[in-house]
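Notes follow the structure.
Naming convention: chains lettered A, B, ... in sequence-line order (proteins, then strands); numbering from 1 in each chain. This is a predicted model, so every value here is computed, not measured.
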Protein chains: 2
Amino acid sequence: MSNIRKVAELAGVSVATVSRTLKSPDIVSPRTRARVLAAVSEADYKPNLMAVQFRSRRTRNLVVLVPTISNTFFARVIGGIQQAAQQQGYSVLLCNTLGREDAERGYASMVTTRQADGVIQLRAYNPFAADAYADTALPMVNACEVLDSPPCPTVKLDNRAAARTLTEHLIDLGHRRIGMIKGPRRSPLTRDRVAGYCDALEAAGIALDERLLCPGDFTPHSGFNAAGMLLACDGRPSAIFCESDEMAIGAIKRVKQAGLSVPGDISVAGFDDITFASFSDPPLTTIAQPAEAFGRQAVSLLIDTLEGRCESPRHVILPFELVVRGSTGSKP
Amino acid sequence: MSNIRKVAELAGVSVATVSRTLKSPDIVSPRTRARVLAAVSEADYKPNLMAVQFRSRRTRNLVVLVPTISNTFFARVIGGIQQAAQQQGYSVLLCNTLGREDAERGYASMVTTRQADGVIQLRAYNPFAADAYADTALPMVNACEVLDSPPCPTVKLDNRAAARTLTEHLIDLGHRRIGMIKGPRRSPLTRDRVAGYCDALEAAGIALDERLLCPGDFTPHSGFNAAGMLLACDGRPSAIFCESDEMAIGAIKRVKQAGLSVPGDISVAGFDDITFASFSDPPLTTIAQPAEAFGRQAVSLLIDTLEGRCESPRHVILPFELVVRGSTGSKP
DNA sequence: TTGTAGGCGTTATCAG
DNA sequence: CTGATAACGCCTACAA
């Protein structure tokens, strides 16, 4: 491996001159520059980034904490993160946490051990809680599912408004008993969406029936099971609002398995607008989220934080859009 | 940030002793060890990994080159990679290449610039082709879609046998005109699967009809479009073999849109057995691949290569399984 | 414009 | 068993 010293010898200059030639070519004389560049290419010299990072005390690595990479929504977010990071000269260290807080803390410590400069957390948990970051800004951005009192910049959807919009769509179709397949209890994201659901019911003068709220875990399987519960309860809902398209796809399967039709007997709506949403049968009515934008925004906020630039707003709300397809229809 | 020197002062020993206490506690006297450990915790000392990496000339980072992270099959592979890497003390630098070779070469150069120790490439392209790695083993493992003359360890499926098995299943159901929605032309993976498809046809005495081979790009959209082509061709197939579940899901949508039923009029089979395969309507007959195992195997092969251990076989073939569900049925 | 030299934090070598 | 010291490769005052 050729290092800067070899190049210097080859060019007959000092290492400082080589370094300068590479970093600010204009402050060395044209003749020297030419000689150095020739030596660089002759030696096939590539700066050792490990050394550069060590010296500059910055790795330009970002840790991404994702609950499950197999979730197609998160996969898109990560795609956005990767793209933005690369554009700004950063690399992405991917960590699949499966929602385990000890794992998250472990990965977050990659920042304290200087393997990475900052963290993008896609879940509502602060893995630095124990650490002291009194003096400097917490090197973290919280995106998608966001803490209630975030100690750092955030990127999220107005989940409450989105859920309200979707619920209103169902109410407009004549539905009065609307089931909801939620995310895990205690999640701020789910709480906000339930609030939006309640907002819509209340505005329409529909009483809340707690039995129509079933928890899931965002997977198709959990949607399938939760739909089974809803079908079994007396006063069966005529519409089901799922907190993710994956659960909606599971729910539709369950509804069909019960010999009912979607949306003929029961309307089903999802959330996220994943690719499969439009290929489902029937195609899913859903709330589209700008998944890649979540990732890109998170990256710029984090890099702003890391580099001390904080002009940009610290708490970003991204827009959603109601996408009406065939899985929802008038109340039978 | 407290460094080893501070700890040494605090404990009243030399930095060497601190380093030794942390690395091999048994070679320092119990008294010293206690003093050092006390100082370590008092100073809340965390070794600076950048420095460690710099000195050891190893980052313990692995670059993963993935064509599209949004593909659920690759997402699972990455999950396996991440899990195995973490267990072995490595981190994963994720790079979404979108199949662009310049991007792949750029990311691969993270190894030559010492940001990472090795590369896991999930596509049939050698991003190091230009580089000279004569003396030492190429720090790469090629998994999933594998080069024909791989310059490194590989992990793959016996794609030819798998495609043959699936095609035979369709032939057993009485199908004689079997369409195939392939991957991109020129891909070794697709070529092998087409070969397996041909093997099965030939064994059954069915002549190959080139018009029944349609290329796609593994997305549901491309499956949808390709199915449209197949439906339009004269001598329409009674079964369609898709090279990915995602394309199969797209194909099913197209078949239904044409007013035909699956499998009543046309059988459709996929490949991969993604989660959505069993939630499709009808549920997909497919070839199950051990996605996470691809990732785990790739990681161990790569680490073996990097650490000079090469006992394990260099070219691993992973098992597949035919999963028969409702999307395939007897020829009408 | 160019060279010299110190230091980033750690570990390994070599004495004591 | 422990301490002093020299690297690792690079950048940047400071000096010439």
Side-chain angles (χ1 to χ4, degrees), chain A residues 1-40 43-61 89 109-117, chain B residues 1-40 42-61 89 109-117 307:
Chain A
M1 278 302 142
S2 79
N3 58 26
I4 203 172
R5 211 154 308 172
K6 293 226 183 81
V7 177
E9 277 174 35
L10 220 53
V13 299
S14 72
V15 293
T17 301
V18 177
S19 178
R20 277 189 290 253
T21 308
L22 265 16
K23 270 195 92 70
S24 23
D26 39 317
I27 67 166
V28 307
S29 79
R31 292 192 51 240
T32 319
R33 193 190 314 154
R35 271 220 313 268
V36 169
L37 292 179
V40 162
D44 190 28
Y45 169 68
K46 304 270 186 298
N48 180 328
L49 266 300
M50 264 163 70
V52 173
Q53 291 171 0
F54 172 50
R55 194 177 190 291
S56 67
R57 291 134 168 273
R58 301 182 47 213
T59 59
R60 298 191 148 253
N61 288 158
S109 75
M110 295 172 82
V111 172
T112 51
T113 61
R114 313 250 159 202
Q115 289 198 88
D117 299 342
Chain B
M1 278 302 143
S2 79
N3 60 23
I4 204 171
R5 211 152 307 175
K6 292 227 184 81
V7 177
E9 276 174 35
L10 220 53
V13 298
S14 71
V15 292
T17 300
V18 176
S19 179
R20 274 189 291 252
T21 307
L22 265 17
K23 272 197 92 73
S24 22
D26 39 318
I27 68 166
V28 308
S29 79
R31 292 192 51 239
T32 318
R33 192 190 314 152
R35 270 220 314 267
V36 170
L37 293 179
V40 162
E42 183 182 337
D44 190 28
Y45 168 70
K46 303 269 186 297
N48 180 328
L49 265 298
M50 266 162 68
V52 173
Q53 291 172 359
F54 173 49
R55 188 163 202 298
S56 68
R57 294 138 166 272
R58 301 180 49 211
T59 59
R60 297 190 149 254
N61 288 158
S109 75
M110 295 172 83
V111 172
T112 50
T113 62
R114 313 255 162 196
Q115 289 196 90
D117 299 341
E307 303 187 346

Using nucleotides 8-12 of chain C, report all nitrogen or oxygen pairs with the protein that are shorter than 3.5 Å.
residue : atom : partner : partner atom : Å
dC8(C)  : O3'  : R57(A)  : NH2          : 3.0
dG9(C)  : OP1  : R57(A)  : NH2          : 3.1
dT10(C) : OP1  : Y45(B)  : OH           : 2.5
dT10(C) : OP1  : N48(B)  : N            : 2.9
dT10(C) : OP2  : I4(B)   : N            : 2.6
dT10(C) : O2   : R55(B)  : NE           : 3.1
dT11(C) : OP2  : S19(B)  : OG           : 2.9
dT11(C) : O2   : R55(B)  : NE           : 3.0
dT11(C) : O2   : R55(B)  : NH2          : 2.9

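- For the atom pair CE of M50(A) and CZ of R57(B), the computed distance is 8.0 Å after rounding to the nearest 0.5 Å.
- When side chains are defined from C-beta on, Q53(A) counts as touching Q115(B), because their heavy atoms get closer than 4.5 Å.
- To the nearest 0.5 Å, the span separating CZ on R60(A) from CG on L49(A) amounts to 10.0 Å.
- Screening V13(A), L10(A), V18(A) against R35(A) for a side chain to side chain contact (heavy atoms under 4.5 Å, CB included) leaves a single residue, V13(A).
- For dG3(C), the OP1/OP2 oxygens have a side-chain nitrogen or oxygen of T17(A) closer than 4.0 Å.
- In this structure, CD of E9(A) is placed 13 Å from P of dG3(C), rounded to the nearest angstrom.
- R33(A) contributes a side-chain N or O that, together with a main-chain N or O of P25(A), makes up a donor-acceptor pair within less than 3.5 Å.
- Sequence neighbours left out, the pairs with a member in residues 8-22 of chain B that pass side-chain hydrogen bond (donor to acceptor under 3.5 Å, both in side chains) are S14(B)-T17(B).
- Counting only heavy atoms from C-beta outward, the side chains of V36(A) and V28(A) never approach each other to under 4.5 Å.
- Of all the heavy atoms in E307(B) and R58(B), the pair that sits closest is OE2-NH2, 3.2 Å.
- Near DNA chain D, meaning a heavy atom under 4.0 Å away, the residues from residues 25-33 of chain B are V28(B), S29(B), T32(B).
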